[in-house]
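What follows is a single structure, written as structure tokens, with notes after it.
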Protein chains: 2
Amino acid sequence: MAELDNLKKASAHAGPLPPKGSIPNISVDNLIFGLENGSLKVLLIRHNIDGKRKPWALPGGWIHFDEDLRDAAKRILHLHTGVEGVYLEQLKTFGKVDRLPFGRVATVAYYALVSTEKCPLIANDDRPDAMWCDIHDVPNLAYDHNEILDFGLKFLRHKIRHEPIGFNLLPEKFTLLELQDLYEAILDCTLDKPNFRRKMLKMKLLESCNEKQTGVAHRAANLYRFDAEAFEKLSSQGFSFEF
Amino acid sequence: MAELDNLKKASAHAGPLPPKGSIPNISVDNLIFGLENGSLKVLLIRHNIDGKRKPWALPGGWIHFDEDLRDAAKRILHLHTGVEGVYLEQLKTFGKVDRLPFGRVATVAYYALVSTEKCPLIANDDRPDAMWCDIHDVPNLAYDHNEILDFGLKFLRHKIRHEPIGFNLLPEKFTLLELQDLYEAILDCTLDKPNFRRKMLKMKLLESCNEKQTGVAHRAANLYRFDAEAFEKLSSQGFSFEF
DNA sequence: TCAAAAGTGTTTGTTATACACCCATGT
DNA sequence: ACATGGGTGTATAACAAACACTTTTGA
């Protein structure tokens with residue numbers, strides 16, 4: 001029951017619930033991206049209230065009076081995925097007058113990148129339905145959530161070319177081909193393997209784990225991890241990631 | 001008097017004024033950049049209340065209940081500069097619990113790029129002080145406004161390398177050297193003239209006005225304007241601006 | 001031994017960089 | 001005539017794209 005209360009409080013989009021202890025007129029909505037079977041997915045939830053199914057929506061919620069904006073986004077992310085410490089950035093604030101049928105609410109959208117394997121979806125009878133939805137098959141969402149998603153997707157496509165954030169969608173250790181597949185999935189293109197390799201390695205942002213893949217039916221690839229330290233160092237010297 | 005009322009309503013940072021007809025807990029703050037004598041400037045204002053001078057601050061205000069977020073930002077921009085139709089984009093929303101000493105207010109920061117020559121500052125006894133402040137000489141600002149400015153400045157430096165927005169800081173017609181000076185001012189570096197020329201012209205985003213500079217004590221340079229149409233066209237073909 | 005993916009090498013054309021140079025104009 | 005900035009040319013090095021090739025491994 002306490003959990004259900006939490007959920008109601010956490011969801012701005014179950015309806016015009018009075019947000020006790022929360023700031024009126026502002027909500028948070030999270031765009032949670034994941035990669036599954038080489039496809040880009042987004043986390044959608046759907047409430048079942050009095051046996052009635054609401055439309056699919058982005059996971060969102062209200063902001064407590066004593067809670068930083070970013071902390072509210074983290075809390076909502078954790079509530080639906082159980083993960084912490086993942087990539088989470090503010091996307092944009094959506095504030096059209098009539099974006100919700102009840103009252104005036106501006107929503108601050110955040111986007112998160114998670115590796116789906118770390119991320120078992122939390123859904124049962126007391127909680128809303130949840131699914132990883134392929135980015136190409138997104139249904140009509142509640143309110144202006146399609147608009148938020150479209151904006152976020154464009155933003156991600158641009159961002160991934162200019163900042164090394166793709167790694168957050170992969171497990172800690174990954175092969176170069178997994179990384180390439182990720183770029184191909186997000187940018188919706190095909191890339192040349194040898195050239196992709198060279199380009200990535202030349203940047204010196206990947207650190208070899210000196211470890212091989214296991215359980216593959218072909219030659220095992222070397223595993224790499226993203227070297228955040230090296231990136232900080234290079235950035236401070238004026239390096240700018242470009243893909 | 002009506003003007004003064006407007007100003008009070010428009011300024012979230014004159015103090016904890018009750019925002020009648022406005023959304024509580026959300027404000028808008030504008031980061032208005034301009035270029036003057038080859039230096040990057042930001043517009044700051046300062047209120048004089050009961051003969052007491054408040055600290056310098058970013059121009060900001062409340063959002064009316066029947067006004068889109070973006071329209072509020074436009075209104076505040078126009079109030080302080082008189083300009084309309086200039087480059088204005090959302091920067092980020094700042095929502096720390098204690099960012100203001102009175103009450104809980106999240107502020108949506110916008111940034112604008114204007115050519116200062118179009119932009120006589122509106123300031124007199126009834127209005128707040130206003131100044132174009134060199135980016136290197138910014139004083140301590142009210143509340144978290146230094147944080148907002150720092151974030152905006154970093155953002156601008158990054159953005160100008162990846163999107164053709166610099167033109168908005170120049171008059172409609174400009175020379176290649178003016179453009180180069182702009183890049184040097186914002187990126188804080190020096191650039192090679194012939195190479196800058198070629199790089200810019202090769203992108204096909206500049207349209208020659210077939211007109212020369214006037215009133216200069218040396219050979220008059222050709223004037224160019226930014227060709228927004230060409231940019232749209234190229235963008236839709238996958239072109240990505242890089243400087 | 002074959003399929004599947006790892007990983008290397010090489011060729012070719014394009015682009016960036018650095019810098020030398022000439023041109024036009026007002027004083 | 002000379003200072004000032006406008007504008008062009010060019011040699012070199014670095015890089016990107018395309019693609020042929022060898023290597024490793026499990027089935």
Send over the distance from [X] [atom1] to [N] [atom2], rounded to a whole Å.
X: A/N195; N: D/dA14; atom1: CG; atom2: P; value: 19 Å
X: B/L179; N: D/dG7; atom1: CG; atom2: C1'; value: 16 Å
X: A/F196; N: D/dA16; atom1: CZ; atom2: P; value: 13 Å
X: A/K212; N: D/dG26; atom1: NZ; atom2: P; value: 12 Å
X: B/L201; N: D/dG7; atom1: CG; atom2: C1'; value: 10 Å
X: A/K199; N: D/dA14; atom1: NZ; atom2: P; value: 18 Å
X: B/E178; N: D/dG6; atom1: CD; atom2: C1'; value: 13 Å
X: A/M203; N: D/dA16; atom1: CE; atom2: C1'; value: 12 Å

* Structure fact -> Students should find that the nucleotides of DNA chain C closing off the region near chain A, any atom under 4.0 angstrom from a heavy atom, are C/dA4 to C/dT10

* **Donor-acceptor pair between A/S208 and A/N222 side chains, under 3.5 angstrom** => yes

* Taking for each residue the nucleotide of DNA chain D bearing the nearest heavy atom, is the 5' side occupied by B/Q213 or by A/H218? -> B/Q213

* **Pairing of A/R53 and A/D129 as salt bridge, 4.0 angstrom limit** => yes

* Is it true that B/K173 and B/E211 make a salt bridge, defined as a side-chain N closer than 4.0 Å to a carboxylate O? -> yes

* Asked: For A/L177, which contact category applies under a 4.0 Å heavy-atom criterion: base, sugar-phosphate, or nothing?
  -> sugar-phosphate

Given the structure, check if the side chain of [X] and the base of [N] hold any donor-acceptor pair shorter than 3.5 Å.
X: B/K193; N: D/dG7; answer: yes
X: A/D192; N: D/dA16; answer: no
X: B/R219; N: D/dT8; answer: no

* Asked: What are the two closest non-hydrogen atoms of A/L58 and A/H145, and how far apart are they?
  -> N-ND1, 3.0 Å

* To do: Taking only the side-chain nitrogens and oxygens of A/K202, find out if one of them lies under 4.0 Å from OP1 or OP2 of D/dA16.
  => yes

* Rounded distance [0.5 Å steps], OG1 in A/T190 versus CG in A/D181 -> 11.5 Å

* Stepwise, does the ring pair (Phe, Tyr, Trp, His ring centres under 6.0 Å) test hold for B/Y87 with B/F33? -> CA-CA 10 Å; B/Y87 185 86; B/F33 289 111; over 10 Å; no

* To do: Please test A/F174 against A/L206 for side chain to side chain contact (heavy atoms under 4.5 Å, CB included), starting from the C-alpha separation and ending with a verdict.
  => CA-CA 10 Å; A/F174 50 85; A/L206 297 185; 3.9 Å; yes

* Structure fact -> Nearest-nucleotide check on DNA chain C, A/L176 vs B/A220; residue mapping nearer the 5' end is A/L176

